[in-house]
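Written below as structure tokens is the structure these notes are about.
Just follow the structure's listing: the first ligand is 1, and inside any ligand the first atom is 1.
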Amino acid sequence: MKNMKVNNGILEIGGVSVTDLAEKCGTPLFVYDEAELDEKMMTFQKSFQSDIFQTQVIYASKAFTCKAMLTKLNGYGFGLDVVSGGELYLARESGFPMAEIYFHGNNKLPEELRMALELGCGTVIVDNLMECEELISLSKEMKKSVKVIIRVNPGITAHTHKYIITGDLDSKFGVTIHKETMILDMIKKCQENKYTVFQGFHVHIGSQIFDLAAFDAAIEVMVTYLKSMKEKHGVETKILDIGGGFGVRYTNEDEPREIQEVCQRIVKKCESELKKNQLTIEKLMIEPGRSMVAESGCTLYTVGYQKETPNKSYIFIDGGMTDNIRVALYQAKYDCDLANKMDAPKDKLYSVAGKCCESGDILVEGYPLPEAEMNDLLVMYSTGAYGYSMSNNYNRIGKPAVIFAKDGNARLVLKRETYKDQLRFESDEEVIV
Ligand code: LLP
């Protein structure tokens, strides 16, 4: 977090003391450094530019979304990647321009496609032939136009430091690039229907990618592909969408490249590949999620009881896998501190465990912290992406509140879920069948 300071041993984020935040809003609490969020958005906007073609940054709303976030993104002129009727609905309720929405997903339900057409969603990123046919038939029935991008699987998978060409051809996403007849069939079907306007291709090669050579490889494969589609089949591609997946720093072991470098490298590589192949496109797009929000967000917890076992010293916190499933799911690593004892020596190794009825509900293991006491505040850094958005209600634990802090002020952007909120799903047991 960039705008973080320590004052009398107490952490301040965006000029607001975490003890004040915890007192006013309770914990667990997601806190975003709003100035850093703005800075990230600005950097994406400024760095992803070309003199040769148009560029657009599409934010992957799955990483973290709420009305305040969407208003901010819209202010920077970004597009939005949504993956469900729910994400689309929020965009609509936030007044996000529908023309700038890109609807993703491998199994968009017919009713979700219907909703997208009804609301005037700009582009559907079609994942497979059956979906393409469903979209075409709905667009005819509803007489609603939509732009279409086809998601292809380029046979490159990248994860963190490694990437493999002809990687996961069995991925559930996209049409494998080798299925030329099928892809041509999808394009032809879109072109024969006056309501579906074929625009180009999309690829997304993975998550938390540090090795920028993986994006070079994806661009090479895709531009070669565009050339062969044009020369062999007369297919003109207007849009190339390279997806997201740019790495972030969770702990000091992670060494991500600066956003500016990532953006400029993608643009330059695309410019040079197009030139080499004597091709042009109208627009290049990227879809960052994590890299826009992860490092600007943290989670505050209150320390409760402690327990010594033969090999571990546990401190228990008031959240856990309900607000951060990434540790249990991906063995994700995080850094943390006792936010009210920032200047104290860290001379004890603690395992920080959540309160869920699940042995795997541990957020960090053997981590150096100052001697902990009940009601200390624990801050876990870089939880801004896929934390709140993957939060769940296991054990009927409510979702945390979310705060944006900037210049000494904090505003509540998402309220804490109450016990009563959870009752809204209870039905009066009306007999249906
Ligand atoms: N575009 C597409 C088509 C995607 O599938 C994704 C992520 C993104 C963009 C954004 O990727 P990002 O820049 O955020 O890496 N829950 C996992 C991450 C799942 C990502 C799925 N797709 C996690 O917490 O690590």
Legend entry - Proximal protein residues to ligand 1, non-hydrogen atoms under 4.0 angstrom: A60, K62, D81, H104, R151, H202, H204, S207, G244, G245, E287, P288, G289, R290, R326, Y330, Y386, M390
Inset, instruction - Output the distance between atom OG1 (T43) and atom CD (E261), rounded to the nearest 0.5 Å. - result: 13.5 Å
Inset, instruction - Would you tell me whether Q208 and Y330 have side-chain atoms, one donor and one acceptor, within less than 3.5 Å of each other? - result: no
Do any side-chain atoms of residues 88-96 form donor-acceptor pairs under 3.5 angstrom with protein atoms, and if so which ones, sequence neighbours left out?
| from | atom 1 | to | atom 2 | distance (Å) |
| --- | --- | --- | --- | --- |
| S94 | OG | L90 | O | 2.7 |

Inset, instruction - Determine the interplanar angle of the F201 and F198 rings, folded into 0 to 90°, and report it as parallel if under 30°, tilted if 30 to 60°, perpendicular if over 60°. - result: perpendicular
Which atom pairs, one a donor and one an acceptor, fall under 3.5 Å between side chains of residues 145-153 and the rest of the protein, sequence neighbours left out?
| from | atom 1 | to | atom 2 | distance (Å) |
| --- | --- | --- | --- | --- |
| N153 | OD1 | G155 | N | 3.0 |
| N153 | ND2 | D168 | O | 2.9 |

Inset, instruction - Can you run down the side chain to side chain donor-acceptor pair (under 3.5 Å) pairs that involve residues 109-120, sequence neighbours left out, and say none if there aren't any? - result: R114-E141
